[in-house]
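Numbers here are sequence positions counted from 1. Note that the structure is predicted; figures quoted are calculated from it, not measured.
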Amino acid sequence: MPPLSRLMRAAVALILLAVAHAHAQTLPSAVNTDPARAQVTLPEPANPQLPSLILIGDSTVRNGRDDGQGKGAAGQWGWGNPLTAWFDPARVNVVNRAVGGLSSRTYITSGHWERTLAFVKRGDIVVMQFGHNDAGAFNDTSRARGTIRGVGDETEEINNLLTHKHEVVHSYGWYLRNYVADIRAKGATPVICSPIPHKQWDAQGHAKRDRDTYGGWAAAVARAEGVGFIDLNEGVARRYDALGMAAVVQLFPHTTPDEHTHTNWAGAVLNAQVVVDGLKALGDPRIAAWLKPQAPENPQPPARDDARPVVDAATLRDETPRNAGLPTLYLVGDSTVNSGGVNGAIGWGERIAPYFDARKINVVNAAIGGRSSRTYFTEGRWDKVRDQLKRGDVVLIQFGHNDGGRIGDPAMKNRASRPGIGPETVDDTRPDGTKEQVHSFGWYMARYVVDAKAKGATVVLVAPVPHRDRWQEGRDFATFADWDRQVADANGALFMDLTVLVADGYKRIGAERVDTMFADARTHTNALGAEFNAERVVAGLKALPGNPLGAYFADRTVAAQ
């Protein structure tokens with residue numbers, strides 16, 4: 001086996017450092033959009049006068065928005081992003097046109113191949129890697145992306161339940177041959193990659209290969225068509241074997257231990273290195289001419305400012321209890337609880353007061369946009385709530401949307417918390433140069449619980465409302481829900497899994513109606529969505545052990561959804 005390169009060791013070291021400084025959520029994950037909705041903005045050749053190295057494939061080549069979900073090196077990355085570090089932009093465009101969630105079939109049927117082919121010209125090289133999503137169902141209402149196994153000419157006619165179109169489904173090999181023919185017709189050169197291996201092991205402890213399925217079928221098409229082939233499946237698996245299981249685990253996001261497909265930045269760098277080695281082995285003089293004279297020492301993820309807005313607290317009026325003689329329900333959280341109508345966004349906390357009898361209880365929405373469990377504490381906002389608390393009050397606390405990101409990265413706006421619920425801390429540098437000791441998400445939540453209980457209040461920890469693009473499949477905010485639940489159990493608080501309550505409600509009403517409930521692409525609800533989520537919160541409160549707010553609800557029936 002080849003010796004471990006300095007780059008590989010650096011990559012593993014990078015992710016170990018990143019994990020120590022990153023907080024993550026179950027995020028994208030890869031953008032597994034269905035083919036009928038694959039509306040993404042893809043890069044174009046930066047300089048049309050130069051030749052292009054064009055990449056097509058799935059999320060293991062270009063993950064989501066190609067930004068690591070705002071988590072830096074600890075997020076999910078496809079190998080197409082770090083690959084650019086090896087190539088001279090003055091000599092070649094590296095154009096990553098891969099799309100998460102698509103198969104060799106749906107990259108075509110969604111229209112992405114037609115749009116990509118328009119950029120392909122004579123002298124270009126097009127590298128393709130498909131297979132991870134080809135084993136799915138041929139025909140269903142979620143993604144309908146499967147292909148016939150193998151490389152034959154078999155077909156199956158369907159009336160696509162997702163696109164509502166008649167379609168002839170072909171084999172995986174047939175679609176690869178289709179790409180090859182189209183690329184050659186443009187005077188360009190096709191290169192086929194076998195798909196990267198999963199984080200899985202055989203009985204002997206070796207990385208599992210896919211020689212008998214998509215890895216082998218990709219190789220068979222390349223041989224039959226006489227095109228360049230990079231055995232990425234085998235090449236990466238050999239690196240995994242050389243590194244050993246413990247090191248390979250560091251190449252995948254730590255916040256989702258069951259993630260076995262999508263790598264973090266260090267894993268993407270390793271995969272990109274294998275792709276570069278494979279391209280060099282093709283012996284094409286264009287590749288040699290396009291490469292930088294020296295390989296990059298330690299490719300870094302691109303810097304990206306955290307676009308999530310932070311509301312200026314000076315523009316808001318702090319709410320106070322209307323009647324000091326009554327108990328008060330305090331809402332603590334971020335913009336999904338209180339958006340204030342900015343850009344049409346409304347939080348569920350702005351629609352919950354009518355569910356309570358104002359003659360019996362105050363409702364105070366103390367949430368503010370852009371805050372995390374950490375910054376709500378460090379800004380002194382929690383102190384203001386705590387100082388008002390009295391026996392008999394109830395506090396609902398929902399954080400998580402802004403707790404992700406890499407601690408130490410100025411682009412993260414000093415709001416990321418450490419993952420987990422432990423006592424470990426890490427230093428972060430503030431804009432003024434001072435150091436802040438950053439605690440775990442669970443530490444901050446536990447502090448809120450302990451402080452509130454000391455004042456005689458009841459605390460409900462609330463899992464975050466789900467993203468617009470994450471409720472249909474998988475489980476959004478799983479780690480945050482687990483941490484909330486553990487903190488609640490350990491400190492005598494209550495827990496509400498609002499993520500699941502809202503997601504289940506969304507599933508009952510359907511995607512078409514859900515899409516009308518958001519003011520932006522994935523996070524903030526409009527007035528309709530806020531009302532819907534408020535109903536879910538009230539339903540969750542009524543289901544809590546002991547129904548602590550039961551005596552305070554208004555005479556209003558929560559609509560069944």
Side-chain angles (χ1 to χ4, degrees), residues 7 31 38-68 77-100 102 107-108 110-130 176 179-193 196 227-230 232 265 268-269 271-304:
L7 175 62
V31 176
Q39 303 299 316
V40 295
T41 301
L42 298 177
E44 300 177 4
N47 185 347
Q49 305 306 313
L50 294 177
S52 294
L53 177 65
I54 298 175
L55 315 177
I56 62 174
D58 53 37
S59 56
T60 63
V61 183
R62 185 178 189 274
N63 194 285
R65 296 173 180 83
D66 205 25
D67 61 0
W77 294 90
W79 55 257
N81 192 304
L83 184 77
T84 60
W86 274 265
F87 290 89
D88 185 348
R91 297 184 177 186
V92 66
N93 305 301
V94 179
V95 189
N96 190 352
R97 302 276 300 179
V99 179
L102 301 187
Y107 192 85
I108 294 173
S110 63
H112 285 296
W113 177 231
E114 181 181 7
R115 291 186 286 274
T116 296
L117 192 60
F119 296 111
V120 178
K121 63 183 183 299
R122 183 171 300 278
D124 290 349
I125 296 177
V126 182
V127 179
M128 68 191 80
Q129 185 221 269
F130 290 103
L176 295 189
Y179 292 118
V180 168
D182 286 349
I183 294 164
R184 282 174 164 166
K186 297 293 289 280
T189 302
V191 175
I192 295 175
C193 288
I196 62 170
V227 302
F229 176 63
I230 299 174
L232 191 52
W265 179 259
V269 169
N271 293 341
Q273 186 183 34
V274 176
V275 173
V276 171
D277 290 344
L279 288 169
K280 290 178 180 178
L282 297 177
D284 191 317
R286 290 173 294 178
I287 298 296
W290 295 345
L291 288 167
K292 293 177 179 177
Q294 291 184 329
E297 283 291 322
N298 190 13
Q300 297 290 319
R304 183 180 178 89

Residues Val269 and Trp86: closest non-hydrogen pair is O-CH2, 4.1 Å

Could you check if a side-chain atom of Arg62 sits within less than 4.5 angstrom of a side-chain atom of Leu42, using non-hydrogen atoms only? yes

Phe87 and Lys292: which non-hydrogen atoms are nearest, and at how many Å? O-CE, 3.1 Å

Close side-chain approach of Ile125 to Ile287, heavy-atom, < 4.5 Å: yes

Nearest 0.5 angstrom please: Leu53 CG to Arg286 CZ, how far? 10.0 Å

I want to check something: taking the side chain as every heavy atom from C-beta on, are Asp66 and Trp77 in contact at a cut-off of under 4.5 Å? yes

With sequence neighbours excluded, what pairs up with Lys280 under the salt bridge (charged side-chain N to carboxylate O under 4.0 Å, His left out) test? none

Taking side chain as C-beta onward, heavy atoms only, is Gln129 less than 4.5 Å from Ile230? no

Might you work through the side-chain contact (heavy atoms from CB on, under 4.5 Å) test for Val274 and Ile196, ending with a clear yes or no? CA-CA 10 Å; Val274 176; Ile196 62 170; over 6 Å; no

Taking the side chain as C-beta and beyond, is there a heavy-atom pair between Val126 and Lys186 under 4.5 Å? no

Using modelled atom types and a 3.5 Å cut-off, is there a donor and acceptor pairing between side-chain atoms of Asn96 and backbone atoms of Val61? yes

Step-by-step side-chain contact (heavy atoms from CB on, under 4.5 Å) determination, Asp182 to Trp113: CA-CA 10 Å; Asp182 286 349; Trp113 177 231; 2.9 Å; yes

Can you name the residues that form a ring pair (Phe, Tyr, Trp, His ring centres under 6.0 Å) with Trp79, not counting sequence neighbours? none

Is any side-chain heavy atom of Ser110 closer than 4.5 Å to one of Leu102? yes

Chi angles and distances behind the side-chain contact (heavy atoms from CB on, under 4.5 Å) call for Val227, Arg184: CA-CA 10 Å; Val227 302; Arg184 282 174 164 166; 3.0 Å; yes

Taking atom CE of Met128 and atom CG of Leu55, what is their separation to the nearest 0.5 Å? 11.0 Å

For residues Pro45 and Val95, report the shortest heavy-atom separation together with the two atoms involved. CA-CG2, 3.8 Å

Closest heavy-atom pair, Leu232 versus Asn271, reported as atoms and distance to 0.1 Å, is CD1-O, 3.9 Å

Are the side chain of Trp265 and the backbone of Pro82 linked by a donor-acceptor contact shorter than 3.5 Å? no

Which atoms form the tightest heavy-atom contact between Lys121 and Leu50, and what is the distance? NZ-O, 2.7 Å

Decide yes or no for Tyr107 and Arg97: does some side-chain heavy atom of the first lie under 4.5 Å from some side-chain heavy atom of the second? yes

Report the distance from atom CD1 of Ile54 to atom CZ of Phe119, rounding to the nearest 0.5 Å. 8.5 Å

Side chains of Leu279 and Asp284, heavy atoms from C-beta outward: is any pair under 4.5 Å? no

Closest approach of Gly228 and Leu282, non-hydrogen atoms and distance? CA-CD2, 3.8 Å

For a side-chain contact (heavy atoms from CB on, under 4.5 Å) check, start with the C-alpha distance between Asn93 and Asp124, then their side-chain angles and the critical distance, and finish with the verdict. CA-CA 9 Å; Asn93 305 301; Asp124 290 349; over 6 Å; no

